[in-house]
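What follows is a single structure, written as C-alpha cells, with notes after it.
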Amino acid sequence: WEKWVENRMALSREASRNIDLFLSPSRRLMKRHIEEFGIPEERIIYLDYGFDHTRLKGRLRTNEQKFVFGYIGRHHPSKGIHHLIDAFAHLNGSPILRIWGRYEGQLSKSLARKTQEFENLSERVEWMPEYDNQNIVKDVFENCDCIVVPSIWDENSPLVIHEAQQCEVPVITAKHGGMGEYVQNDVNGYTFIHRDIESLKKA
C-alpha cells in the first residue's frame, strides 16, 4: 500500500510538470499544493467556483413550528453525520434534523440505528430522498432554516456551502480547511472546532 501511494505521488508530480497553470477553488488547497506537493507559487492561483445564479434564486421559506437543521450529502463516515447526530441529540427543545442524500445500504442503516440510541430522537430525524441539484432551492433550501456541514475530513471547497450562501441560508461548519474559509462565525453562519462534538453542539 505504501509503495502504491509512493508511485502514485511520483507519477502525479511528474505529470504536474506538464501543466502551465493550476486553479485552486480554495486558498487552503492552494497553500497545501505549494507547501506539501511542491507546485511553484507562480503556477497556481486561487479561483472560486462559478455558479448559475438563475438556479439559486427565489428561496421562499415557509415557517414551521420547529427549527429545522439540514444536512446535504453522502452518508459516509468521513462526512461526520455521526458527530452531527450526537450533537443534535443533546440540544435543548425539540428541533428537527432533515438529512438529504442517497441511501447507502449499511452506512445509512447504521446511522438510523444511531438515532435509536437516544430517547425520542428518531422521531425528530427525518431521512429525505436524494435531490435533483437543479431543484435544490425548492427541494432542500426552502425546507430548512440552516444547513450543517460536519465533515471530519479536510474539505476543499464544499459546493453545498457556496449554494447555501447564495440562497442566504446560514451554515454551521468547522473552522477548518475550505469549510472555515467560506463561513465567518456570527456573520454568515457559525463555526465550531473541527471534529469536536461539544463545540458543534454549541454552534
Side-chain angles (χ1 to χ4, degrees), residues 8-9 12-13 15-61 69-76 78-81 83-84 98-102 130-196 199-200 203:
R8 175 174 171 146
M9 294 303 287
S12 297
R13 284 193 175 89
S16 73
R17 295 193 181 97
N18 298 311
I19 296 169
D20 295 315
L21 184 67
F22 289 89
L23 305 178
S24 173
S26 74
R27 292 178 180 86
R28 160 77 172 177
L29 188 63
M30 181 174 71
K31 187 170 183 274
R32 287 195 67 187
H33 274 85
I34 293 168
E35 294 179 356
E36 299 175 32
F37 192 67
I39 292 176
E41 287 188 49
E42 64 273 13
R43 287 205 290 128
I44 186 168
I45 63 170
Y46 163 71
L47 183 66
D48 200 356
Y49 295 128
F51 290 91
D52 177 3
H53 288 181
T54 60
R55 181 175 63 84
L56 296 166
K57 288 193 333 187
R59 175 182 183 252
L60 295 171
R61 174 69 174 131
F69 295 94
Y71 168 86
I72 308 169
R74 294 193 58 203
H75 295 176
H76 193 273
S78 65
K79 296 299 183 178
I81 314 182
H83 283 184
L84 172 56
R98 290 188 179 136
I99 298 175
W100 280 270
R102 182 184 303 174
E130 187 176 14
Y131 60 92
D132 180 351
N133 198 261
Q134 283 297 115
N135 300 317
I136 192 171
V137 175
K138 183 175 182 297
D139 294 346
V140 178
F141 293 137
E142 290 188 356
N143 296 291
C144 63
D145 297 300
C146 77
I147 65 157
V148 188
V149 182
S151 290
I152 63 173
W153 87 289
D154 199 0
E155 294 276 1
N156 296 322
S157 182
L159 295 176
V160 68
I161 290 180
H162 294 273
E163 291 169 331
Q165 289 175 337
Q166 289 175 57
C167 295
E168 299 184 345
V169 176
V171 178
I172 297 173
T173 193
K175 189 173 184 176
H176 179 80
M179 296 176 286
E181 188 171 318
Y182 290 100
V183 178
Q184 293 178 279
N185 194 59
D186 210 20
V187 175
N188 56 359
Y190 292 98
T191 57
F192 60 90
I193 299 167
H194 192 219
R195 302 186 181 189
D196 188 313
S199 180
L200 169 56

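This one's a predicted model, so the numbers in the text were calculated from it and none came from an experiment.
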Main-chain N/O of P25 paired with S157 side-chain donor or acceptor, under 3.5 Å: yes
Given side-chain contact (heavy atoms from CB on, under 4.5 Å), test V183 with I172 step by step and report yes or no. CA-CA 8 Å; V183 178; I172 297 173; over 6 Å; no
Evaluate the criterion salt bridge (charged side-chain N to carboxylate O under 4.0 Å, His left out) for residue pair E181 and R27; output intermediate values, then yes/no. CA-CA 8 Å; E181 188 171 318; R27 292 178 180 86; 3.8 Å; yes
Just verifying a value: how many Å separate L200 CG and F192 CZ, rounded to the nearest 0.5 Å? 4.5 Å
Pairwise distance CD(Q134) to CG(D139) - rounded to 0.5 angstrom: 11.0 Å
For residues H53 and Q166, determine if any side-chain heavy atom of one lies less than 4.5 Å from a side-chain heavy atom of the other. yes
With a 4.5 Å cut-off on side-chain heavy atoms, are E163 and V140 touching? no
Got a second to check how far Y71's OH is from L84's CG, nearest 0.5 Å? 8.5 Å
If you take all heavy atoms of A164 and V171, which pair is closest and at what distance? CB-CG2, 3.9 Å
Does C146 reach the side chain of Y190, with side-chain heavy atoms less than 4.5 Å apart? no
Exceeds 12 heavy-atom contacts within 6.0 angstrom, atom CZ of R61: yes
Pairing of K79 and E155 as salt bridge, 4.0 angstrom limit: yes
With rounding to the nearest 0.5 Å, note down the distance linking CD1 in I147 to CD in Q165. 8.5 Å
Dump the intermediate steps for side-chain contact (heavy atoms from CB on, under 4.5 Å) on R32 and F37, then the final yes or no. CA-CA 7 Å; R32 287 195 67 187; F37 192 67; over 6 Å; no
Pairwise side-chain contact, I81 with H75, heavy-atom cut-off 4.5 Å (strictly under): yes
Rounded to the nearest 0.5 Å, how far does CD1 of I44 lie from OG of S24? 5.0 Å
Does the side chain of F22 come within less than 4.5 Å of R43's, by heavy atoms? yes
If you define the side chain from C-beta out and look only at heavy atoms, does anything of L21 sit under 4.5 Å from L23? yes
Parallel, tilted or perpendicular: which describes the rings of H194 and H176, with under 30° parallel and over 60° perpendicular? parallel
If I compare all heavy atoms of P170 with all of G189, which pair ends up nearest, and what's the gap? CB-CA, 4.4 Å
Would a distance-only check, ignoring hydrogens and angles, find a side-chain to backbone donor-acceptor pair under 3.5 Å from R55 to N133? yes
Please lay out, stage by stage, how F141 and I72 fare under the test side-chain contact (heavy atoms from CB on, under 4.5 Å). CA-CA 10 Å; F141 293 137; I72 308 169; 3.8 Å; yes
Keeping R98 on the side-chain end and N143 on the backbone end, is there a donor-acceptor pair under 3.5 Å? yes
Between atom CG of N156 and atom CG of L29, what is the distance when rounded to the nearest 0.5 Å? 4.5 Å
V137 backbone acceptor or donor facing R59 side chain under 3.5 Å: no
Is a side-chain N or O of T173 found less than 3.5 angstrom from the main chain of V149, in a donor-acceptor match? yes
Inspect the surroundings of CD in E41 and state if more than 12 heavy atoms from other residues, nucleotides or ligands are less than 6.0 Å away. no
Polar side-chain atom of D48 near backbone of S26 as donor-acceptor pair, under 3.5 Å: no
Heavy atoms only: give me the nearest W153-R195 pair and the separation to one decimal. CA-NH2, 4.4 Å
Is it the case that the side chain of N188 and the backbone of Y182 share a donor-acceptor pair, with hydrogens and angles ignored and the cut-off at 3.5 Å? yes
Output, in order, the C-alpha distance, side-chain angles, deciding distance and verdict of side-chain contact (heavy atoms from CB on, under 4.5 Å) for N185 and K175. CA-CA 9 Å; N185 194 59; K175 189 173 184 176; over 6 Å; no
